[in-house]
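For reference, the structure is listed below as structure tokens.
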Amino acid sequence: MDAPRLEILEHLPQPAFAVTVGDDGFEFVLANQAYLDIIGWPPDQQFGGPATAVLPDATLATYVEHFMRAVVARSVVGFETDANGGRRSLVVDCSPLFDSAGVCTHLIGIARDVTEQKRVEAALAYHTRHDPLTNLPNRVKLVETLADSLLRTRGGSLVGLVFIDLDEFEVVNDSLGHDAGDALLTVVARRIERVLRAGDSIARFGGDELAIVCNGIKEIDEVRAVAERVQRVFDDPFALDAGDVFLTASIGIALSNGADDRPDRLMRDADAAASYAKSRGRASIEVFDEPMRARALERLEVERDLRLALGRHEMRVHYQPLVRFDQSEVIGFEALLRWEHPQRGLLSPDAFLGDAEDTGLIVPIGSWVLHESCAQASRWATESEYETPLVVAVNVAARQLVPEFVSTVEHALAESGLPAESLVLEITERVLVHDTERIGGVLAGLCALGVQIAVDDFGTGQTALAYLKSLPIHSLKIDRSFVDGLGESEEDAAIVAAVVSLGHALGLSVTAEGVETPRQLSELRSLGCDLGQGYYFARPQPGEVVRALVHRRFQWKQPA
């Protein structure tokens, strides 16, 4: 009778086995080859016998429990178990067989090997909670870790959260490519992991942001010590295939308070502290406090309104004249962005430009300013009979200086009809120093269009003379901080004289910003400066207002 039974088991669609249940006890009597292979039964050993001889103790209780439930319920019962020393996972459906007297004589087990399914599920669960690039826990896992840490705080201990925002990481992505950026993130993560305390955990919050959960904290200085160790990992350059990269981080700290202790609150507060650290000059550490919460809420409101500003036509361009000293006349204008906020009135760039750059909104806003300024300058050229066409100078942010920007400028010129030589694009010295190689290619493309390039705020950064010589630059703008002291500070006069001399030696024109007094003007003219702008000539005004200055010639006043 065993042979026919085994034949039946061999033809079942899943690995199968039979169990005898009766007066003789719980005994395995038959199994097909597929089941034997799964449980790792030795091929030269006869299968069968008491359950204790067939199953290891770890799984015997599971089989007995569920097989007996099937008998009592007189129906199929399914359960999960391990096999082959835990190397395989099975789902078993147990079906009881009864004789005419209603006594259970056999149980048929149908097993499904779900090992691969379990592996896939475990991998999916892991990947939903871990960052595939750095292999760190991701934001989902961070929330779970924080929640668990807050629940486990005992004996007055607290939980600290250290939020790490990498400074100017987008510059690496833009200049060296996303592969280099990915490699840099991974190296940064490994360095930070090495300086953590036992019991602390690091996660990738998103993008270029990391977070550390600090457990068992008694006072804020313990969390600050962790942040300071993290800060020191940025002292040395990061070695990438593309070369060494220097990086800094703005770090924010938040501490649980025993009251409003929720993961979202801690993450929000630590993020706000990191943002404040970045706004105060980057590469610093800030601890969250209540005044910071108010600033964070204000910033969120600004960002929200800023995203709607272009669509609501709230942005404005004001223009300040550029005056040539030797001819005492206006030769062009600098375009300066303003925001006509519906509640706060007319805002200068200082009130919102940092948020625009951090959120990336500076790119569409900057494109709008460029198109608007070119169109305005083209209208001035049509209305005036100037022998020399007026120029318009437009500031360009670091985020805008990507290869696609050349096409943006070309489109603005074509759409407005403004000659390329009438457009001056101003970039800050700081941007030039930090990303010379990438920007050099963009500047070359712009110069191929015929556009002029000016270095703004010159003297405040670290521009090497080689950059000025090798890059396609047409003019320098002396930062207003040096112009302020003219007539009073010999040092400022010496700096301005050196910049003018340097610019002229390189064949560049030199413009002074922030000219406000006759004495400053007199000093600049005597030092040979070419152009100037400032309140002495005119404040920035809308295009229709400054139209009257297009033909303006100035009579210089003698300094008092």
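These values consider heavy atoms only, across backbone and side chains, with no hydrogens, waters or symmetry-generated copies.
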> Yes or no on side chain to side chain contact (heavy atoms under 4.5 Å, CB included) for V302 and W339, after CA distance, side-chain angles and deciding distance?
Replying inline: CA-CA 11 Å; V302 170; W339 181 8; 4.2 Å; yes
>> Would E372 and Q376 count as a side-chain hydrogen bond (donor to acceptor under 3.5 Å, both in side chains) here? Give the steps.
In response: CA-CA 6 Å; E372 181 71 17; Q376 178 63 80; over 6 Å; no
>> For F238, give me all partners under ring-ring contact (aromatic ring centres under 6.0 Å, His included), at least two apart in sequence or on another chain.
In response: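 Result, ring-ring contact (aromatic ring centres under 6.0 Å, His included) vs F238: F234.
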Does a side-chain heavy-atom distance below 4.5 Å link [X] with [Y]?
{"X": "H474", "Y": "L425", "value": "no"}
{"X": "L531", "Y": "V510", "value": "no"}
{"X": "V120", "Y": "Q117", "value": "no"}
{"X": "I365", "Y": "L310", "value": "yes"}
{"X": "V499", "Y": "L502", "value": "no"}
{"X": "M267", "Y": "V143", "value": "yes"}
{"X": "V496", "Y": "F482", "value": "yes"}
{"X": "T408", "Y": "S367", "value": "yes"}

>> Using side chain to side chain contact (heavy atoms under 4.5 Å, CB included), reason through I212 and L161 one step at a time and then give a plain yes or no.
In response: CA-CA 6 Å; I212 299 171; L161 183 63; 5.9 Å; no
Does one side chain, of [X] or [Y], offer a donor that lies under 3.5 Å from an acceptor on the other?
{"X": "H341", "Y": "D305", "answer": "yes"}
{"X": "S509", "Y": "D530", "answer": "no"}
{"X": "N395", "Y": "E334", "answer": "yes"}

[X] side chain vs [Y] backbone, donor-acceptor pair below 3.5 Å:
{"X": "T128", "Y": "A125", "result": "yes"}
{"X": "S416", "Y": "A412", "result": "yes"}
{"X": "S373", "Y": "V369", "result": "yes"}
{"X": "R282", "Y": "A249", "result": "no"}
{"X": "S256", "Y": "V159", "result": "yes"}
{"X": "D200", "Y": "N215", "result": "yes"}
{"X": "H130", "Y": "Y126", "result": "yes"}
{"X": "R316", "Y": "H313", "result": "yes"}
{"X": "R191", "Y": "V233", "result": "yes"}
{"X": "E222", "Y": "E219", "result": "yes"}

Heavy-atom closest pair, residues [X] and [Y]:
{"X": "A454", "Y": "S475", "answer": "CB-OG, 3.1 Å"}
{"X": "F288", "Y": "D269", "answer": "CD1-O, 3.3 Å"}
{"X": "Q520", "Y": "G514", "answer": "OE1-O, 3.6 Å"}
{"X": "Q320", "Y": "P540", "answer": "NE2-CD, 3.9 Å"}
{"X": "L266", "Y": "L146", "answer": "CD1-CD2, 3.9 Å"}
{"X": "F352", "Y": "L347", "answer": "CE2-O, 3.7 Å"}

Spacing of [atom1] belonging to [X] relative to [atom2] belonging to [Y], to within rounding of 0.5 Å:
{"X": "L336", "Y": "Q541", "atom1": "CG", "atom2": "CD", "result": "11.0 Å"}
{"X": "C374", "Y": "E415", "atom1": "SG", "atom2": "CD", "result": "9.5 Å"}
{"X": "I217", "Y": "I253", "atom1": "CD1", "atom2": "CD1", "result": "9.5 Å"}
{"X": "T511", "Y": "L524", "atom1": "OG1", "atom2": "CG", "result": "10.5 Å"}
{"X": "T248", "Y": "F169", "atom1": "OG1", "atom2": "CZ", "result": "12.5 Å"}
{"X": "I251", "Y": "R224", "atom1": "CD1", "atom2": "CZ", "result": "10.5 Å"}

>> The test is salt bridge (Lys or Arg N to Asp or Glu O under 4.0 Å); show your working for R399 and E357 and say whether it passes.
In response: CA-CA 7 Å; R399 279 181 178 263; E357 291 179 346; over 6 Å; no
Between [Y] and [X], is there a salt bridge with N-O shorter than 4.0 Å?
{"X": "R480", "Y": "D484", "answer": "no"}
{"X": "R204", "Y": "E209", "answer": "no"}
{"X": "E144", "Y": "R129", "answer": "yes"}
{"X": "E301", "Y": "R304", "answer": "no"}

Name each donor-acceptor pair under 3.5 Å that joins a side chain in residues 179-187 to protein atoms two or more places apart or in another chain, with its distance.
from, atom 1, to, atom 2, distance (Å)
T186, OG1, D182, O, 3.1

>> Show, in sequence, the C-alpha distance, side-chain angles and deciding distance for V287 and D289, and conclude whether the side chain to side chain contact (heavy atoms under 4.5 Å, CB included) test is met.
In response: CA-CA 7 Å; V287 178; D289 55 22; over 6 Å; no
>> Please determine whether salt bridge (Lys or Arg N to Asp or Glu O under 4.0 Å) holds for the pair D264 and R268, giving the CA-CA distance in whole Å, both sets of side-chain angles, and the decisive distance to 0.1 Å.
In response: CA-CA 6 Å; D264 63 321; R268 182 193 63 214; 5.3 Å; no
> Going through the checks in order, is the side-chain hydrogen bond (donor to acceptor under 3.5 Å, both in side chains) test met by T428 and D456?
Replying inline: CA-CA 5 Å; T428 65; D456 198 9; over 6 Å; no
>> Go through it in stages, so that I can follow the logic: the residues are D479 and S481, the test is side-chain hydrogen bond (donor to acceptor under 3.5 Å, both in side chains), and I'd like the CA-CA distance, side-chain angles, deciding distance and then a yes or no.
In response: CA-CA 5 Å; D479 187 72; S481 61; 2.6 Å; yes
Exceeds 12 heavy-atom contacts within 6.0 angstrom, atom [atom1] of [X]:
{"X": "E490", "atom1": "CD", "result": "no"}
{"X": "D241", "atom1": "CG", "result": "no"}
{"X": "R539", "atom1": "CZ", "result": "no"}

>> Walk me through whether E426 and D457 qualify under side chain to side chain contact (heavy atoms under 4.5 Å, CB included).
In response: CA-CA 9 Å; E426 298 185 358; D457 300 334; over 6 Å; no
>> Among D271, D208, D355, D167, exactly one meets salt bridge (charged side-chain N to carboxylate O under 4.0 Å, His left out) together with K278. Which residue is that?
In response: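 Exactly one pass, corresponding to D167.
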